[in-house]
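Accompanying notes for the structure given below.
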Number of protein chains: 2
Amino acid sequence: MNIGKAAAASGISAKMIRYYESIGLIPEVSRTAAGYREYTDKDVHRLRFIWRARDLGFSVDQMSELLALWQDRGRASADVKRIALAHVAELERKARELMEMSETLSHLASNCQGDSRPDCPIINQLSKPCGCEEAVQSEGDKADSNQADRQE
Amino acid sequence: MNIGKAAAASGISAKMIRYYESIGLIPEVSRTAAGYREYTDKDVHRLRFIWRARDLGFSVDQMSELLALWQDRGRASADVKRIALAHVAELERKARELMEMSETLSHLASNCQGDSRPDCPIINQLSKPCGCEEAVQSEGDKADSNQADRQE
DNA sequence: TATAGACCTTGCCATCATTGGAAGGTCAAG
DNA sequence: CTTGACCTTCCAATGATGGCAAGGTCTATA
């Protein structure tokens, strides 16, 4: 099967398949006399593995480790679990980071009239002169009000 | 004030200040006879604005719009709010995406013994042959489940 | 058989925001 | 005057992906 078929079968673009080969994530496959790459079902199976791992947000390096463990009959599931949980922690960290931004901004926006006048708590917050503590609290997350948010 | 001082005062690295200047996010500042950039308090104030916007995850393009609105005495707060809310939606989308990955993986990991044996639901899931919808089996989860078919 | 068009090959560029480094000039303290 | 910290510009790399170009190959059809 050529690279186009392998791409369609695996869900990974031909471009990315060549890229993964170039960086050594997957082995070089055999070529036809004309130089076309030839993929076996086994190769496609590996690509699908990568496709799923990628879908879970694993990096190329992590996928490389996972592929090695997959191949390793003597693997310890603890090794797989460790990689997975480290990734979960990272995903959660990033998600929290995004949610903090979102909440801060959402709060500011909720206090913005959104009309034709220039006064705006979002702009006010961004233009504050220093990084003083009275900035929007993202870590403390005190639920207690400060609704009005001194928007001068 | 030279770029190093401006960087320290604004929280943005000298490297990034030069970059922001090169792409036109901030105007070119005056230079000393020796070619050193000179920053005024106003310049630093603008850099702090950028620092805060960046901290909220705004892209350079969005910051450019926000800076223009900041400078615009006749701005409509609705324009600011629109940008902010669009960004909130994007942040939430990304956060949800990460959380979905995290939850899927977390669930798989919770069913993994994490011992010295090779059987592992995480590897099993990744190695499934097709994109079938029979997601992860829940708590009940037969531990006997299909051994990941390795390639060899 | 000739040809069109779909596919393959390699290689380079672009993204986005940021960091790093090299080579060379400048400034301030000792 | 030296030293070291700073500044300047330019170039490169990151990670994962898409795009394009130039050229070769395969396949179906006229």
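The analysis underlying the following values was restricted to heavy atoms, covering all of them including side chains, and did not include hydrogens, waters or symmetry mates. A, B, ... follow the sequence lines: proteins, then strands. Residue 1 opens every chain.
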Side chains of residues 13-21 of chain A: which donor-acceptor pairs under 3.5 Å do they make with residues two or more places apart or in other chains?
residue : atom : partner : partner atom : Å
S13(A)  : OG   : M16(A)  : N            : 3.1
Y20(A)  : OH   : R54(A)  : NH1          : 3.3
E21(A)  : OE1  : R37(A)  : NE           : 3.0

Please collect all salt bridge (charged side-chain N to carboxylate O under 4.0 Å, His left out) contacts where either partner lies in residues 57-71 of chain A, sequence neighbours excluded, each pair once. none
Take atom CD of E21(A) and atom C1' of dG11(C), then tell me their distance rounded to the nearest Å. 15 Å
Interatomic distance where CG belongs to D55(B) and P belongs to dA17(C) [whole Å]: 15 Å
Rounded distance (Å) that lies between atom P of dT19(C) and atom CD1 of I17(B): 11 Å
Under 4.0 Å protein heavy-atom contacts per nucleotide of nucleotides 25-30 of chain C, with B for base, S for backbone only and - for none: BBS---
Just how far, in rounded Å, is C1' of dG20(C) from CZ of R18(B)? 12 Å
Enumerate the residues from residues 3-10 of chain B whose closest heavy atom to DNA chain D is under 4.0 Å, giving them by residue number; use none for an empty result. I3(B), G4(B)
Identify, with sequence neighbours excluded, every residue that meets side-chain hydrogen bond (donor to acceptor under 3.5 Å, both in side chains) alongside S116(B). none
Nearest whole angstrom, please: distance from the C1' of dC7(D) to the CZ of R31(B). 10 Å
With clusters built from Ile, Leu, Val, Met, Phe, Trp and Tyr whose side-chain heavy atoms come within less than 4.5 Å, directly or transitively, what are the remaining members of the cluster of L91(A), listed by chain and number? L98(A), M101(A), L91(B), L98(B), M101(B)
Residues at least two apart in sequence or cross-chain that pass salt bridge (charged side-chain N to carboxylate O under 4.0 Å, His left out) with D115(B), listed by chain then number, are R117(B)
Rounded to the Å, how far apart are E38(B) CD and dC6(D) P? 18 Å
By salt bridge (charged side-chain N to carboxylate O under 4.0 Å, His left out), which residues pair with R93(A), not counting sequence neighbours? E90(A), E97(A)
Sequence neighbours excluded - ring pair (Phe, Tyr, Trp, His ring centres under 6.0 Å) pairs with any residue from residues 84-105 of chain B: F58(B)-H87(B)
Base-contact (B) and sugar-phosphate-only (S) positions in nucleotides 10-21 of chain D, heavy-atom cut-off under 4.0 Å, - elsewhere: B-----BBSBB-
Proximity of H45(B) and W51(B) rings by center, below 6.0 Å: no
Would you please name every residue forming a salt bridge (charged side-chain N to carboxylate O under 4.0 Å, His left out) with D43(B), sequence neighbours left out? R46(B)
Salt bridge (charged side-chain N to carboxylate O under 4.0 Å, His left out) partners of R96(B), counting only residues at least two apart: none
To the nearest Å, give me how far apart NZ (K94(B)) and C1' (dC16(C)) are. 10 Å
Do other residues, nucleotides or ligands put more than 12 heavy atoms under 6.0 Å from the CG atom of D55(A)? yes
Quick check on dC7(D): is either OP1 or OP2 less than 4.0 Å from any side-chain nitrogen or oxygen of R37(B)? no
